Structures are given as structure tokens and as C-alpha cells.
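My structure is below; once you've seen it, I'll send some questions.
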Amino acid sequence: MGIIIFHAMGKAFSLEFPPYFYLVGIFFSLLPDSDLFLMKSGIIKDHHQFPSHYPIVIVPICIMVFLFGFVLSTYPSFWTSVAGLCLLCHYIDDSLGRTTGIGLRWGMPFGKKYYTFLPWRVLTEEEV
């Protein structure tokens with residue numbers, strides 16, 4: 001999905017990039033799954049319970065990407081759009097419940113309920 005988003009946003013902003021820049025889209029699409037390394041090493045127990053799977057993370061990451069792009073003067077709105085859309089698509093995909101069946105905690109760190117879109121349901125931590 002990251003490659004498609006990167007390509008579509010490049011067209012929307014009328015920008016051309018070398019093919020290796022598409023790795024940026026892949027990076028942001030897979031960024032929330034960086035907690036898999038912690039899970040495999042035994043530091044955490046469950047995949048969707050680490051802060052990388054709290055959708056509220058989108059805002060600070062997009063701000064960092066925007067500032068990075070602004071400092072380098074490399075189309076900050078483009079980079080922010082790519083980062084935000086890639087992360088949002090990852091969270092939506094996880095919320096479909098295909099992987100774990102429990103969805104995501106969209107309100108974390110303020111709410112601990114899990115939301116799944118298809119089928120729509122809300123689960124508490126005790127139910128999970």
C-alpha cells in the first residue's frame with residue numbers, strides 16, 4: 001500500500017522521484033509493525049499492544065516528517081501526506097480484524113477499548 005500511496009501522492013504533487021524513494025512509502029506503511037522485533041525478542045508479549053499500534057501516534061510522526069521536510073525544503077506537505085496516509089492505511093487494515101481479530105485501541109493512551117471495523121465491534125481488555 002505504501003508504494004501505491006507514494007506514487008499517487010507524487011502524481012498529485014506533480015513530483016518525480018527515483019524508484020528507490022518508494023522505500024519511503026514502504027517504511028511508513030510498515031512503521032507500526034516495528035514492535036514485532038520487540039515481540040520476537042521477548043520484550044513485549046503481544047503485537048498490537050505496543051505504542052506503535054496506537055493510532056494517536058500518527059500526529060507526532062507526521063509533525064516530525066513535516067519538520068524534517070521543512071528543514072530540507074523538500075516539499076514538506078508531500079512528505080507529511082505520504083506519512084500520514086501510509087500510517088492511516090496500516091491502522092485501518094489492522095482494524096479490519098483480519099490479522100488478530102481484535103482490532104486496534106484507537107483511543108490509546110486515553111481509552112483501552114479495541115475497535116474492529118468488519119464486523120463492527122468494541123472489545124474491552126478483559127474480553128481480549
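Count residues from 1 along the sequence. Worth saying up front: this structure is predicted, and the values here are computed from it rather than measured.
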Heavy-atom pair of closest approach, residues Cys86 and Gly25 | SG-O, 3.6 Å
Establish whether Phe28 and Phe37 are linked, either directly or via other cluster members, by ILVMFWY side-chain heavy-atom contacts under 4.5 Å.
-> no
For residues Trp106 and Leu88, report the shortest heavy-atom separation together with the two atoms involved.
-> CH2-CD1, 4.2 Å
Approximate separation, where rounding is to 0.5 Å, of Leu36 CG and Ser41 OG = 10.5 Å
Which of parallel (below 30°), tilted (30 to 60°) and perpendicular (above 60°) describes Trp120 and Tyr115?
-> tilted
What heavy-atom pair brings Tyr91 and His53 nearest, and what distance separates the two atoms?
-> CE2-CA, 4.0 Å
Any chance you could measure Tyr114, atom OH, to Met108, atom CE, to the nearest 0.5 Å?
-> 8.0 Å
The reported gap from CG in Leu104 to OG1 in Thr116 (rounded to nearest 0.5 angstrom) is 8.0 Å
Taking every heavy atom of Arg105 against every heavy atom of Gly111, the minimum-distance pair comes out as CB-O, 4.4 Å
Co-membership, hydrophobic cluster, residues Leu85 and Ile4, 4.5 Å side-chain = no
Minimum heavy-atom distance Ser81-Met9, with the two atoms named | CB-CE, 3.3 Å
For the atom pair CD1 (Ile26) and CD1 (Ile5), what is the distance rounded to the nearest 0.5 Å?
-> 11.5 Å
Set of residues satisfying side-chain contact (heavy atoms from CB on, under 4.5 Å) with respect to Phe27, sequence neighbours excluded = Leu31
Measure up the Phe6 and Phe78 rings against each other and bin them: parallel (under 30°), tilted (30 to 60°), perpendicular (over 60°).
-> perpendicular
Shortest non-hydrogen contact between Lys113 and Val122, atoms and distance = CD-CG1, 3.6 Å
Taking a hydrophobic cluster as the set of Ile, Leu, Val, Met, Phe, Trp and Tyr residues connected by side-chain heavy atoms closer than 4.5 Å, whether directly or through intermediates, do Tyr20 and Leu30 fall within one such cluster?
-> yes
